[in-house]
Undergrad: 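Structure in structure tokens, see below.
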Amino acid sequence: AIERTLSIIKPDATARNITGKIIDKLESAGLRVIAQKRARWSKADAEAFYAVHKDRPFFGDLVAFMTSGPIVLQVLEGEGAVAKNREVMGATNPADAADGTIRKEFAENIERNSVHGSDSAENARGEIAQCFSEEEIVG
Ligand code: CMP
């Protein structure tokens with residue numbers, strides 16, 4: 001089925017000016033960018049987005065990192081977009097990521113891992129609604 005998923009290019013990647021290289025990987029995998037904006041998250045934005053991780057030991061560091069610089073938020077659309085995006089991103093920890101994946105090529109470590117992607121179609125709907133208005137999405 002044609003799905004939508006939320007993608008975020010993280011501050012480690014915007015700092016190194018490699019957003020285009022990452023978008024090329026997504027588009028080459030057949031995903032279409034149907035919404036995109038650059039933003040700088042407040043602490044409240046990052047805490048709300050990552051609320052499911054609030055009890056994890058890395059939560060404070062994650063919020064600090066995600067607010068440390070600009071990010072690029074995207075809605076991606078395509079056949080099986082949630083799974084396809086996760087395949088192109090590679091494992092959360094770049095040490096475990098397969099060759100050719102975004103995280104294998106670009107991520108610095110498990111926290112500074114260059115990209116986020118929704119982990120299910122249901123979470124994708126929630127994350128997209130959190131980050132974009134309907135008018136910003138042009139399919
Ligand atoms: P992401 O897919 O955005 O979802 C949660 C993020 O938390 C994850 O990518 C990493 O950036 C970060 N993260 C996950 N596990 C760890 C960990 N063990 N240590 C530090 N950061 C982590």
Side-chain angles (χ1 to χ4, degrees):
I2 300 291
E3 291 176 341
R4 292 178 175 183
T5 193
L6 186 86
S7 165
I8 304 176
I9 302 177
K10 296 186 179 185
D12 66 285
T14 60
R16 285 176 287 148
N17 204 27
I18 55 170
T19 62
K21 288 180 178 172
I22 290 173
I23 294 164
D24 180 43
K25 290 261 192 204
L26 299 171
E27 290 184 338
S28 296
L31 294 162
R32 304 183 75 85
V33 180
I34 62 166
Q36 179 166 267
K37 63 186 172 190
R38 192 169 168 104
R40 175 92 186 238
W41 268 353
S42 67
K43 188 162 181 272
D45 292 331
E47 286 175 349
F49 185 84
Y50 282 119
V52 314
H53 296 306
K54 68 177 173 352
D55 297 325
R56 307 283 281 273
F58 57 81
F59 183 68
D61 283 349
L62 176 62
V63 169
F65 166 55
M66 290 300 291
T67 57
S68 69
I71 58 175
V72 177
L73 298 140
Q74 302 168 312
V75 179
L76 306 177
E77 186 176 78
E79 185 66 35
V82 173
K84 188 171 282 182
N85 184 39
R86 294 183 71 77
E87 189 182 318
V88 183
M89 287 193 297
T92 303
N93 187 346
D96 302 327
D99 284 349
T101 61
I102 291 169
R103 285 167 170 161
K104 175 74 172 192
E105 283 195 25
F106 302 120
E108 297 180 336
N109 56 50
I110 194 170
E111 177 179 274
R112 301 173 65 85
N113 65 355
S114 302
V115 280
H116 166 83
S118 307
D119 65 2
S120 69
E122 190 189 340
N123 286 342
R125 281 189 284 277
E127 291 181 358
I128 290 167
Q130 230 174 318
C131 298
F132 286 94
S133 68
E134 278 301 322
E135 303 75 62
E136 290 176 309
I137 302 170
V138 184

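Whatever order the structure lists them in is the order used to number ligands and atoms, beginning at 1.
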Undergrad: Would K10 count as a contact of ligand 1 if the rule is a heavy atom under 4.0 Å away?
TA: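 A heavy atom of K10 does come that close to ligand 1.
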Undergrad: Does the pair K21/E105 count as a salt bridge with the N-to-O cut at 4.0 Å?
TA: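 Salt bridge absent between K21 and E105.
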Undergrad: Set out, in order, the CA-CA distance, both residues' side-chain angles and the distance that settles side chain to side chain contact (heavy atoms under 4.5 Å, CB included) for V72 and T14, then state yes or no.
TA: CA-CA 8 Å; V72 177; T14 60; 4.2 Å; yes
Undergrad: Which atoms from ligand 1 have a heavy atom of E111 less than 4.0 Å away?
TA: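 Within the 4.0 Å cut-off of E111, ligand 1 contributes 11 (O), 21 (N).
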Undergrad: Is the shortest heavy-atom distance from the side chain of F49 to the side chain of L62 under 4.5 Å?
TA: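 In short, these two side chains do not touch, never coming nearer than 4.5 Å.
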Undergrad: Under a 4.0 Å heavy-atom limit, does H53 contact ligand 1 with its side chain, its backbone, both, or neither?
TA: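 For H53, the contact with ligand 1 is made by the side chain alone.
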Undergrad: As a check for students: among D61, I110, D119, identify the option with a heavy atom nearest to atom 18 (N) of ligand 1.
TA: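 Considering heavy atoms of D61, I110, D119, the nearest to atom 18 (N) of ligand 1 sits in I110.
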Undergrad: Near R103, which atoms of ligand 1 are under 4.0 Å from a heavy atom of that residue?
TA: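 Reading through ligand 1 atom by atom, the close ones are 2 (O).
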Undergrad: Out of F49, F58, Y50, who gets a non-hydrogen atom closest to atom 13 (N) of ligand 1?
TA: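 Among F49, F58, Y50, the closest heavy atom to atom 13 (N) of ligand 1 belongs to F58.
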Undergrad: Cation-pi check, K37 to F132: give yes when NZ or CZ is under 6.0 Å from the six-membered ring centre and within 45° of the ring axis, no otherwise.
TA: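 Checked: cation-pi criterion met.
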Undergrad: Strictly distance-based, threshold 3.5 Å: is any side-chain N or O of S118 a donor or acceptor partner for the main-chain N or O of L6?
TA: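 Yes, S118 side chain to L6 backbone: donor-acceptor pair under 3.5 Å.
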Undergrad: Near L62, which atoms of ligand 1 are under 4.0 Å from a heavy atom of that residue?
TA: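 So the answer, numbered in order with elements, is 6 (C), 7 (O), 11 (O), 12 (C).
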Undergrad: For the residue pair M66 and P11, establish whether any side-chain heavy-atom pair is separated by less than 4.5 Å.
TA: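 The answer is yes; the side chains approach within 4.5 Å.
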